[in-house]
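To start, the structure itself, in structure tokens.
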Amino acid sequence: MSETPHGRRTSLNVRGDLVGHDEAEELELDDDRTTALATTVLGGVLLLLGIATLTQASRLSNNGNTVGPATAPWVVGALLLLVGVLMALRGRRELATAAREHTPGHQTEVQDWKRLGILLAALVVFAVVNTYLGYVLSATVLFGVTAVVLGAVSRGKAFAYGFIVAAAVYLLFDVLIGITLPAAVWGF
Amino acid sequence: MLMTGFGDALTPVNLLLALVGVTLGTLVGVLPGIGPALTVALLLPITFTLEPTGALILFAGVYYGGMYGGSTTAILLNTPGESASMVAALEGNKMARSGRAASALATAAIGSFVAGTIATILLTFLAQPLADVAVKFTAADYAGLMAIAFVTVATLLGASPLKGVASLLIGLTIGLVGIETQSGQSRLTFGIPTLLDGIDVVIVVVALFAIGEVFQHALKGGGGGTVTPLRGRAVMTREDWKRSWPAWLRGTAFGFPIGALPAGGAEIPTFLSYATERRLSKHPEEFGHGAIEGVAGPEAANNAAAAGVLVPLLTIGLPTSATAAVILTAFQSYGLQPGPQLFSESGPLVYALLASLYIGNTMLLVLNLPMARVWAKLLQIPAYGIYAAIMVFATLGTFATGGSLPDLLVLYVLGMLGVLMTLAKVPVAPAVVGLILGPMFEEQSLRAVLLEGGSLSGMFATTLSIVLWVVAALALVVPLSLAVVRRAR
């Protein structure tokens, strides 16, 4: 952390130092509230991964040797715990900084998370139905839904383009290259 | 040997493959949000039906094409597909907005050609001697080298050393998943059969880069960027040439050595090149408003580093960038193992690959100066269409490697992790490198220890390995202490 001539606290890094403050800001190298929040959450995820990895390590055996299959999980798990704590602390510190300053720019809102939820649902539905509906139809739906969620004006067109893309992918990869894509009873 | 390589690469079929490769690579690479690593991962399946030489030639074209496409997007749309083309976007997009898109694209294309060619020449001459040295490396030496790669990749790529290390650890954890080769015990598989084989690097790259990108776009509110229209052909004035060529050469001088050392790929040299050009420029006032040196230098550095990264990859089998990690997987899927033995066992193939790098590079220049407007047109496809297509293509790679429901779910879970990482400004590339290097490091370390009868001193059995570990420790400590000193001031 350093005081910049602009009087704003930043957490720039090697890259930011090389290009200078304004450029770093333009490249969005500096952090805002969303970054801080995500850093905290990621720290938590790392902690959980660390616990899972250490639990796994305790169940493995090195067959009496100093090092073996359990060594890497022990080391990685311990580092995950350490870095997870450091990330969470850093995220919290940055959250506090961000709360003191008003950071301009796009703030993530409820509708953004809703959009993300729909995309995730579309992916899961795709994964479940592709063996029944075949690749072409499922991919058409996946394309159409994604396009509409991300702002396509005409729904009909979105699905029509989806069909073209899906059919082209199927022809190229399944028929021509020979990667087996899921097919429905009607053959594609 | 190189001449034989050219002989192999210059057959009509292989020339056609190179042409298809650079065209497809540019086509995919030019799409916003798709960087070279994702381009090669997405296009890997199309090489599966070819014999190794043809596959490598096609793949080399895709690699260089993807690099070129990425810089076009950075300049015209200001959405760099990966951090190494961020700096080019900084000045390039400013040039485009003030009506000089054509010169920006030209200096990027010619600079990439110059840097790519010089770097490929250096690669050609360095590869064999280095491979001869690398043959003598012991397991302990390998472990030391990888330790350096871990440290530099984590601390030099991206936002902060801590976040780089976090990313690396995520990759190492993913790398642990599957059956441990020595003992047959399964690790972190949670009873899910599909995880027993481990998680394929292509799946991880697609999840972290592609799914992460689409989801992040959704979080930012959808919509698209503003494409700057391109008028005229990609040409440069005499003044542009005069200002560009020293920047190209300096960029190459930064890019190749840093790329060739196991030191974290293309990102740092582009930033270094930008900083240098701004300091040396006779027109410092233009920086921030579209200075041509600011495009020429970083683009050259980026391409030189891309060829430099192939040095440790081909001679030692050590990938130091996300793209290199995918290339390593590609080699393995053709039944080849990069490393010192590659030159003795498949020499003709390596030289055919090197020859096709020259050919691909030349083809790109010939193809892209006149075609720049066609690529620019692609950017007018609405963003939602591009992102929807990315979603469809992202699942495709999973089908190429198995494609059951659990495989797809693994892809989605990693995709969500990718979103979280992107939001936290945690660089994704160290995770990909960690995923590949982690298991290799474990194997070499265990071997080194076993060679000394199970004593940990086996890790430092040779002088070289001690030197390498010291370098790794310095690479970790020096940047951190510099940061502390800077903070204290």
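Nothing here was measured: the structure is a model prediction, and the numbers come from that model.
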Exercise. Against chain A, label B:Leu456 side chain, backbone, both or neither, depending on which of its atoms sit under 4.5 Å from a heavy atom there.
Key: side chain

Practice problem: Mind listing the closest non-hydrogen atom pair of B:Gln185 and A:Ser61 along with its distance? | Solution: NE2-O, 3.0 Å

Exercise. Report, by ascending residue number, the residues of residues 168-179 of chain B in heavy-atom contact with chain A at a distance under 4.5 Å; give 'none' if the set is empty.
Key: B:Leu169, B:Ile170, B:Leu172, B:Thr173, B:Leu176

Quiz prompt | Heavy-atom contact with chain B under 4.5 Å, split by part of A:Leu181 | solution = side chain

Quiz item: Heavy-atom distance under 4.5 Å to chain B: side chain of A:Val145, backbone, both or neither?
Solution: neither

Quiz prompt | Choice from B:Leu450, B:Thr395, B:Leu50 maximising heavy atom contacts with chain A below 4.5 Å | solution = B:Thr395

Quiz prompt | Spacing of A:Thr146 atom OG1 and B:Tyr384 atom OH [to the nearest 0.5 Å] | solution = 13.0 Å

Quiz item: Heavy-atom distance under 4.5 Å between the side chains of B:Tyr387 and A:Val149, does that happen here?
Solution: no

Practice problem: Side-chain contact test, heavy atoms from C-beta onward, threshold under 4.5 Å: evaluate it for B:Tyr412 versus A:Phe126 and give yes or no. | Solution: yes

Quiz item: What part of A:Val128 lies closer than 4.5 angstrom to a heavy atom of chain B: side chain, backbone, both or neither?
Solution: both

Quiz item: Can you find a pair of side-chain heavy atoms, one from A:Asn130 and one from B:Leu408, that are under 4.5 Å apart?
Solution: yes

Self-check item: Min side-chain heavy-atom separation B:Phe215-A:Leu120 under 4.5 Å
Solution: yes

Quiz item: Is there a side-chain contact between A:Leu42 and B:Leu417 (heavy atoms, below 4.5 Å)?
Solution: yes

Exercise. Flag the one option from B:Gly415, B:Pro45, B:Ala388 with the top tally of heavy-atom pairs under 4.5 Å to chain A.
Key: B:Ala388

Quiz item: So which part of A:Val169 gets closer than 4.5 Å to some heavy atom of chain B, the side chain, the backbone, both or neither?
Solution: side chain

Self-check item: Contact winner vs chain B - A:Gly43, A:Ala152, A:Ala57, heavy-atom pairs under 4.5 Å
Solution: A:Ala152

Practice problem: Just give me the residue among B:Val449, B:Leu411, B:Leu446, B:Leu162 that pairs up with chain A most often, heavy atom to heavy atom, under 4.5 Å. | Solution: B:Leu162

Quiz item: Any idea which heavy atoms bring B:Arg187 and A:Ala72 closest together, and the distance?
Solution: NH1-CB, 4.3 Å

Quiz prompt | Best-contacting candidate, A:Thr131, A:Val124, A:Val45, A:Leu49, against chain B by heavy atom pairs under 4.5 angstrom | solution = A:Val124

Self-check item: Contacting moiety of A:Leu176, where chain B heavy atoms sit under 4.5 Å
Solution: neither

Quiz item: How far apart are the closest heavy atoms of A:Phe143 and B:Ala389, and which atoms are they?
Solution: CE1-N, 3.5 Å

Quiz item: Is it the side chain or the backbone of A:Phe173 that comes within 4.5 Å of chain B heavy atoms, both, or neither?
Solution: side chain

Quiz item: A:Ala158, A:Ala139, A:Gly68, A:Gly50: which one forms the most heavy-atom pairs within less than 4.5 Å of chain B?
Solution: A:Gly68

Self-check item: Distance, nearest 0.5 Å, that separates CG of B:Leu423 from CG of A:Leu37
Solution: 9.0 Å

Self-check item: Validation row: B:Val392, A:Tyr135 side chains within 4.5 angstrom (heavy atoms)
Solution: yes

Exercise. Measure B:Ile211 against the heavy atoms of chain A and call it side chain, backbone, both or neither at under 4.5 Å.
Key: side chain

Quiz item: What pairs with B:Phe150 under ring-ring contact (aromatic ring centres under 6.0 Å, His included), at least two apart in sequence or on another chain?
Solution: B:Phe441

Quiz item: What pair of heavy atoms forms the shortest contact from B:Val426 to A:Met87, and how long is it?
Solution: CG2-CE, 3.9 Å

Quiz item: Do B:Lys163 and A:Thr35 have side-chain heavy atoms sitting under 4.5 Å apart?
Solution: yes

Practice problem: Check each atom of A:Leu60 against the heavy atoms of chain B and say whether the ones under 4.5 Å are side chain, backbone, both or neither. | Solution: both

Quiz item: Looking at A:Gly91, A:Pro73, A:Gly162, which one has more heavy-atom pairs under 4.5 Å with chain B than the rest?
Solution: A:Pro73

Exercise. Return the minimal non-hydrogen interatomic distance between B:Glu180 and A:Pro69, and the atom names on each side.
Key: OE1-CG, 3.4 Å

Quiz prompt | For the student: nearest non-hydrogen atoms of A:Leu119 and B:Ala218, plus distance | solution = CD1-CB, 3.7 Å

Practice problem: Decide yes or no for B:Lys425 and A:Thr34: does some side-chain heavy atom of the first lie under 4.5 Å from some side-chain heavy atom of the second? | Solution: no

